[in-house]
Student: 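Got a structure for you, questions after.
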Amino acid sequence: MSPVNEPLTERIKGELITRLEAATNAVADRLGLAAEARPQVFLEIPKDRKFGDYACNAAMLLARSARQNPRAVAASLLEALDLSGTQVDRAEIAGPGFINLYLKPTWVYEALREVLKADAEYGRSRAGAGQRVQVEFVSANPTGPLVVVNARAAALGDALAACFKWSGYDAQREYYVDNMGTQVDTLGKSFELRLRELLGETVEFPEGCYPGDYVVDLAKRFLEERGEEEARRLLGVPSELARQRQFAAYGVERVVTWHRNQLDRYGVHFDEWFSQKSLAESGAVDRAMATLRKHGHVYEQDGAVWFRTTTFGDDKDRVVIRSNGEPTYFALDIAYHLNKFERGFQKVIDLWGPDHASHVTRMMAMTQALGYPAGSLEILIVQWVRLLSGGQLVKMSKRAGDFVTMEELIDEVGKDAARFFFLMRAAESHLDFDLDLAKLKTADNPVFYVQYAHARISSLLRQAAQEGFAPRELPVEALACLTDPSEQELIRKLAQLPEEIAGAAAAREPHRLTRYAIDLATLFHKFYDSCRVLGAEPELRDARLVLVQATRIALRNVLGLLGVSAPERM
RNA sequence: GCGCCUGUAGCUCAGGGGAUAGAGCAGCUGCCUUCUAAGCAGCUGGCCGCAGGUUCGAUUCCUGCCAGGCGCGCCA
């Protein structure tokens, strides 16, 4: 990865925070405040421009600790504040005790120049300092089609990993292939029964087997590839389990490939497809159990081995080795996460469905028991999706076999709309997905609203090129004619992209970026409406072309990060 | 019963210890001789679930309650 310069906004903010910390400490000394009573200094961008470019509430926090009048504390803080050599034009006390900082008007033009200079890299920052992070997501059972929740998790996990990468983390996308256990055996059994049906046998298809058509397709394909003779030979294997597992092995591989193709089509690509089976076969479970035992966290009871998770706040202990000697899913998960930590990830993030939410406590117990710092593992719960069509709930019942698959969703609304819609909501929010709205190719659809801004820009720049004009790097003085409020607002928004991305990574909230994209599109449309580019005076025209180009860069980069295309024409 | 998630405009959802609570849709009203009207401007619409507590300040944090969702297996 090419070295990324620290973005201008981060440099300005960092410098101001340093100055404010010094002043805060000086005031805190005078007030006799202990180190713990001193507030963390941070800057926020006020909602209203009249409150400056940055606002700081440190004085109000100091006032609380010292039980003093906030505005008076703000006055002493301002007095102690050395702003020489910074970008600050003036600082004011306002409202209940905010310190509002107003930057020199030229800073926005420098910010604008940076966008063009960084181009495809614009938005990157170094906040993560190369820390190794792993995001594991989707990890669906390879026993059936990917469904709508998987699509939501895929959009979220992929965008989150992208946020990390853009913020200077070394991020890896991982998919855990659950290719063993009872569900896989069930697939093998269902497969075998369908195969027998295809060969003319009359079979009873029991409850608990997978009824979906995809199992029939698997069996058909197996017959085509391996031939009837081979099929009959395998069906003749006497041991039921051994028989099923041959088919399961074939089926799982097919289904995993199918999933991978679906995800490729959705634009989600994993760095690692980690096989549960190979983990188990490597002896990792035994090693993990030995580690737990060494630290005295396990005991035997009723012929099973238990992990004393209650030590770490769980409401009951959990079985890790069943009385039949087989490890539980939890034991495999312990081995798997130990393996993740051993691979050197400082931060491991799992995206899970709400059906596993209750397992979070035991996973945290595991992290502690294995001696890894709290926070090494984070589990984000991705809530269910309800589909609405014509104002009605679309029924999704796995038993009835009528669940809506990820494939059907993408066919229905397209990859861009699906990903954008999923990313408009926080992961933990229960989501109603309006299929009708997502399908609309009109203004009502926020995806198209944002994409339209990009297409509009592309069209404008094409027109400009025809007339012989193109955006080119201009000095600050040449950009200083961009004084219209719509231009100012747009530039400020552009300048915020790196910190928006870093903030989304830090909070694990990629959905902030769809909001950003919508806001950016809005500001561009307003600018477009109030300022003409072509036909303006040459100097103004050239400066505006820079602004248009910068907007295009920011839109393209943020949409790319979200996995949504940025069309040139619509 | 216990645990987790959610409760903000008619609908779907953002936001968040502070300065007038936001967006989209839905409903009304304007704006295309000119770079894409898939756009812009304006209006209407809110006991931020309820009740306490902490605080100079709570819609935001804490507790209780109510409502909805999801879990609670030596399945995954």
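Values below: all heavy atoms of this structure, side chains included; hydrogens, waters and symmetry mates excluded.
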Student: Determine which nucleotide pairs with B/U55, using a 3.5 Å limit on both distances of a Watson-Crick or G-U wobble pair.
Tutor: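 Across all strands, not a single nucleotide pairs with B/U55.
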Student: Let's see if you can work this out: which of B/A14, B/G69, B/A19 has an atom nearest to the side-chain heavy atoms of A/Phe51?
Tutor: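 Taking heavy atoms from C-beta onward, the closest nucleotide is B/A19.
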Student: Are the ring of A/Phe98 and the base ring of B/A19 both nearer than 5.5 Å at their centres and tilted by less than 30°?
Tutor: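 Taking the rule of under 5.5 Å and under 30°, the ring of A/Phe98 does stack on B/A19.
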Student: Taking only the side-chain nitrogens and oxygens of A/Lys47, find out if one of them lies under 4.0 Å from OP1 or OP2 of B/A19.
Tutor: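 Yes, such a contact exists.
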Student: Would you mind telling me which of B/G71, B/U36, B/U12 lies closest to the side-chain atoms of A/Arg569?
Tutor: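 The closest nucleotide is B/U36.
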Student: Mind checking if A/Asn324 touches a base, just sugar-phosphate, or nothing, with heavy atoms under 4.0 Å?
Tutor: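 The answer is nothing, as A/Asn324 stays clear of every strand by at least 4.0 Å.
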Student: With sugar-phosphate meaning primed atoms plus P, OP1 and OP2, does A/Ser429 contact a base, only sugar-phosphate, or nothing at under 4.0 Å between heavy atoms?
Tutor: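 Sugar-phosphate: the residue A/Ser429, judged by heavy atoms under 4.0 Å, touches backbone atoms but no base.
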Student: Can the ring centroids of A/Tyr176 and A/Tyr336 be said to lie less than 6.0 angstrom from one another?
Tutor: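 Yes; A/Tyr336 has its ring centre under 6.0 Å from that of A/Tyr176.
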Student: How long is the line joining NZ of A/Lys493 and C1' of B/G22, in whole Å?
Tutor: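 Roughly 12 Å, once rounded to whole Å.
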Student: Select one nucleotide: of B/A37, B/A14, B/C75, the one nearest the side-chain heavy atoms of A/Thr182.
Tutor: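 From the listed options, B/C75 comes nearest.
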Student: Does the pair A/Glu500/A/Arg512 count as a salt bridge with the N-to-O cut at 4.0 Å?
Tutor: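 Salt bridge between A/Glu500 and A/Arg512, a charged N being under 4.0 Å from a carboxylate O: no.
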Student: On the side chain of A/Asn100, is there an atom forming a donor-acceptor pair with the base of B/A19 - under 3.5 Å, no angle test?
Tutor: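 Check passes, donor-acceptor contact within cut-off.
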Student: Between A/Tyr452 and B/C40, is there a contact of a side-chain N or O with OP1 or OP2 at under 4.0 Å?
Tutor: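 Result: no.
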Student: Do A/Arg544 and A/Glu487 sit within salt-bridge range, that is, some charged N less than 4.0 Å from a carboxylate O?
Tutor: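 So A/Arg544 pairs with A/Glu487 through a salt bridge.
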Student: Using Watson-Crick or G-U wobble geometry with both distances below 3.5 Å, tell me the partner of B/C2, or none.
Tutor: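 Its partner is B/G71.
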Student: State whether A/Arg532 and A/Asp529 are salt-bridged, where the test is any N-O pair (Lys NZ or Arg NE/NH1/NH2 against Asp/Glu carboxylate O) under 4.0 Å.
Tutor: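 Looking at A/Asp529 together with A/Arg532, the answer is no, because their closest N to O distance does not fall below 4.0 Å.
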Student: Ring-on-base stacking between A/Tyr528 and B/G39, under 5.5 Å between centres and under 30° between planes: is it there?
Tutor: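 Not stacked: fails the 5.5 Å / 30° test.
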Student: Using a strict cut-off of less than 4.0 Å between a Lys/Arg side-chain nitrogen and an Asp/Glu carboxylate oxygen, indicate whether A/Lys189 and A/Asp185 qualify as a salt bridge.
Tutor: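 No, this pair does not count.
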Student: Give one of base, sugar-phosphate or nothing for A/Leu461, where a contact means two heavy atoms less than 4.0 Å apart.
Tutor: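 Nothing, no nucleic acid heavy atom in range.
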Student: For A/Asp434, report the nucleic acid contact type (base, sugar-phosphate, nothing); a contact means any heavy atom under 4.0 Å.
Tutor: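 A/Asp434: no heavy atom of the nucleic acid under 4.0 Å.
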Student: Within the 4.0 Å heavy-atom criterion, would you say A/Asn69 contacts the bases, only the backbone, or no part of the nucleic acid?
Tutor: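 Nothing: the residue A/Asn69, judged by heavy atoms under 4.0 Å, touches no strand.
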Student: Salt bridge check, A/Arg541 against A/Glu539: does any charged N sit closer than 4.0 Å to a carboxylate O?
Tutor: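 Between A/Arg541 and A/Glu539 there is no salt bridge, as every charged N stays at least 4.0 Å from the carboxylate O atoms.
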Student: For A/Glu568, answer base if it contacts any base atom (sugar-phosphate contacts may also be present), sugar-phosphate if it contacts only those atoms, and nothing otherwise; contact means non-hydrogen atoms under 4.0 Å.
Tutor: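 It contacts base atoms.
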Student: Check whether any side-chain N or O of A/Ser358 sits under 4.0 Å from OP1 or OP2 of B/G71, and answer yes or no.
Tutor: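 Indeed not, no polar side-chain atom of A/Ser358 lies that close.
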Student: Which part of the nucleic acid, if any, lies within contact of A/Pro70, taking any heavy atom under 4.0 Å across all strands shown: a base, the sugar-phosphate backbone alone, or nothing?
Tutor: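 Result for A/Pro70 = nothing.
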Student: For the side chain of A/Arg515, counting heavy atoms from C-beta on, which of B/U20, B/C74, B/A14 is nearest?
Tutor: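 That would be B/A14.
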Student: Considering only the P atoms, how many Å lie between B/U36 and B/G46, rounded to the nearest integer?
Tutor: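 40 Å, rounded to whole Å.
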Student: Checking A/Asp314 against A/Thr361: is there a side-chain donor and acceptor pair closer than 3.5 Å?
Tutor: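 Checked: A/Thr361/A/Asp314 side chains show no N/O donor-acceptor pair below 3.5 Å.
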Student: Between A/Arg322 and B/C75, does any side-chain N or O lie under 4.0 Å from OP1 or OP2?
Tutor: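 Answer yes for this pair, as a side-chain N or O of A/Arg322 is under 4.0 Å from OP1 or OP2.
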Student: Considering every strand shown, what is the Watson-Crick or G-U wobble mate of B/A23 when both distances are under 3.5 Å?
Tutor: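 Matched B/A23 with B/U12 under the 3.5 Å cut-off.
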Student: Return the nucleotide paired to B/G64: Watson-Crick means purine N1 to pyrimidine N3 with N6-O4 or O6-N4, wobble means G-U with N1-O2 and O6-N3, both under 3.5 Å.
Tutor: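 B/G64 is paired with B/C50.
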Student: Quick one: does A/Arg318 reach the base of B/G73 with a side-chain donor-acceptor pair under 3.5 Å?
Tutor: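 Per atom types, no contact qualifies.
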Student: What does A/His525 touch in the nucleic acid at a heavy-atom separation under 4.0 angstrom: a base, only the sugar-phosphate, or nothing?
Tutor: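 If one applies the 4.0 Å heavy-atom cut-off, A/His525 turns out to touch the sugar-phosphate alone, with no base involved.
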Student: Within the structure, does a side-chain N or O atom of A/Thr522 lie under 4.0 Å from either OP1 or OP2 of B/A23?
Tutor: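 Answer no for this pair, as no side-chain N or O of A/Thr522 is under 4.0 Å from OP1 or OP2.
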Student: B/A41 pairs with which nucleotide, Watson-Crick or G-U wobble, both distances below 3.5 Å?
Tutor: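 In the structure as shown, B/A41 has B/U29 as its Watson-Crick or wobble partner.
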Student: Rounding to an integer number of Å, can you tell me how far A/His359 NE2 sits from B/C5 P?
Tutor: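 Taking atom P of B/C5 as the reference, NE2 of A/His359 is at 16 Å.
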